[in-house]
Amino acid sequence: MNKAELRRSLLQARRQLSPEMWQAQSAQLCTLLQTSSQFQQAKTILAYFSFRQEVDLSSLFHLDKVWGFPRCVEQSLSWHQCLPTDTASFQPGKYGILEPIPDAPVLSPEAVDLILVPCVACDDRGYRLGYGGGFYDRLLTASEWQRIPTIGITFAFAHLPQLPIDTWDQPLHAICTEHHLWQISPIGAF
């Protein structure tokens with residue numbers, strides 16, 4: 001199965017989660033993620049707002065962290081510091097995803113301790129399947145972002161042994177599902 005077919009199949013499976021199951025599995029994942037030393041030690045975390053029934057991270061947003069959220073700027077992601085509960089700081093972006101308003105404070109890579117990466121699917125090697133826009137792959141190939149630990153966030157049904165990959169795909173350092181958190185590469189302790 002190629003990436004496009006696999007993406008369609010997994011997004012269909014995700015849409016079939018009942019709202020109750022989606023929230024319960026999201027809460028389980030967030031509880032597990034909070035126990036990792038990488039998360040506990042991080043002061044500034046890049047996250048996302050759930051879109052198309054991605055894992056909902058909102059139960060984490062009350063924690064005493066500095067939160068950064070992405071804004072699509074042409075073919076790149078710009079990260080902005082925002083209080084997740086301040087609705088005036090966000091607006092729907094180009095793809096309909098909630099993102100920071102343009103004048104929200106920008107976060108530099110030096111200020112970031114951890115990146116939580118939304119995934120349609122992940123595999124045992126740390127590769128992710130996203131929506132196909134390449135935004136996170138471009139971010140993770142930039143030298144200034146490579147030192148920052150990344151955790152792929154996905155539901156257990158979308159954790160696969162192996163995904164099809166292209167030369168531009170960038171593996172993540174760890175993967176978290178509602179059942180398990182495991183480290184793929186040596187950056188940071190989990």
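All values below come from the heavy atoms of this structure, side chains included, with hydrogens, waters and symmetry mates left out. What you see is a predicted model, and the numbers here were worked out from it, not measured in a lab.
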Please tabulate, one pair per line, all N/O donor-acceptor pairs under 3.5 Å involving side-chain atoms of residues 92-110, not counting sequence neighbours.
residue, atom, partner, partner atom, Å
E99, OE1, C72, N, 3.2
S108, OG, E110, OE1, 3.0

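How far CZ of F157 is from CD of E178: 8.5 Å, rounded to the nearest 0.5 Å. Interatomic distance, CZ of F90 versus NE2 of H80, reported as 10.5 Å (0.5 Å rounding). The CD atom of Q40 sits 10.0 Å away from the CG atom of L33 when rounded to the nearest 0.5 Å. Taking SG from C176 and CD from Q38, the interatomic distance works out to 12.5 Å, rounded to the nearest 0.5 Å. One distance of note links CG of L29 with OG1 of T177; it measures 6.5 Å at 0.5 Å rounding. Between L10 atom CG and L163 atom CG the span is 8.0 Å, to the nearest 0.5 Å.
Considering only heavy atoms from C-beta on, V120 comes within 4.5 Å of L11 through its side chain. Taking 4.5 Å as the limit, some side-chain heavy atom of D124 sits within range of a side-chain heavy atom of H159. Counting heavy atoms from C-beta outward, P118 and I153 have side chains that stay 4.5 Å or more apart. Contact annotation: the side chain of L160 never approaches that of L129 to less than 4.5 Å [non-hydrogen atoms, C-beta and beyond]. Side-chain contact between S50 and L57: absent, with no pair of heavy atoms (C-beta onward) separated by less than 4.5 Å. Side chains of I175 and W182 form a contact here, defined as non-hydrogen atoms less than 4.5 Å apart. Counting heavy atoms from C-beta on, the side chains of T150 and Q170 never come closer than 4.5 Å. Within the 4.5 Å cutoff, no side-chain heavy atoms of I184 are placed close to those of P171.
When the side chains of ILVMFWY residues are joined at heavy-atom separations under 4.5 Å, either directly or via intervening members, V66 and L77 end up in two distinct hydrophobic clusters. Cluster membership for F155 and L32, using ILVMFWY side-chain heavy atoms within less than 4.5 angstrom, is shared. With hydrophobic clusters built from ILVMFWY side chains whose heavy atoms lie under 4.5 angstrom apart, F135 shares a cluster with I115. Tracing side-chain contacts under 4.5 Å through hydrophobic residues (I, L, V, M, F, W, Y), one never reaches V73 starting from F51; they form parts of separate clusters. A continuous path of Ile, Leu, Val, Met, Phe, Trp and Tyr side chains, each step under 4.5 Å between heavy atoms, connects L63 with I45, placing both in one hydrophobic cluster.
When all heavy atoms of E54 and F49 are compared, the closest pair comes out as OE1-O, 3.7 Å. Minimum heavy-atom separation, Y136 to R128: CB-NH1, 3.6 Å. Closest approach of Q53 to S18, counting heavy atoms only: NE2-O, 4.3 Å. When all heavy atoms of G152 and C119 are compared, the closest pair comes out as CA-SG, 3.7 Å. The heavy-atom pair separating R14 from Y131 by the smallest distance is NH2-OH, 2.6 Å. What you find for R147 and E144 is that their closest heavy atoms are CG-O, 4.4 Å.
Under the side chain to side chain donor-acceptor pair (under 3.5 Å) criterion, R8 pairs with no residue, sequence neighbours left out. Residues satisfying the side chain to side chain donor-acceptor pair (under 3.5 Å) test with T44, not counting sequence neighbours, are none.
For F61 and F69, the gap between ring centers is short of 6.0 Å.
At least one donor-acceptor pair closer than 3.5 Å links the side chain of T141 to the backbone N or O of D137. At distances below 3.5 Å, not a single donor-acceptor pair connects side-chain atoms of Q34 with backbone N or O atoms of F39. Between the side chain of D166 and the backbone N or O of W168, no donor-acceptor pair lies under 3.5 Å. A donor-acceptor pair under 3.5 Å links the side-chain atoms of S26 to the main chain of D56, judged by distance alone.
Comment: K3 engages D169 in a salt bridge, judged by a side-chain N to carboxylate O separation of less than 4.0 angstrom.
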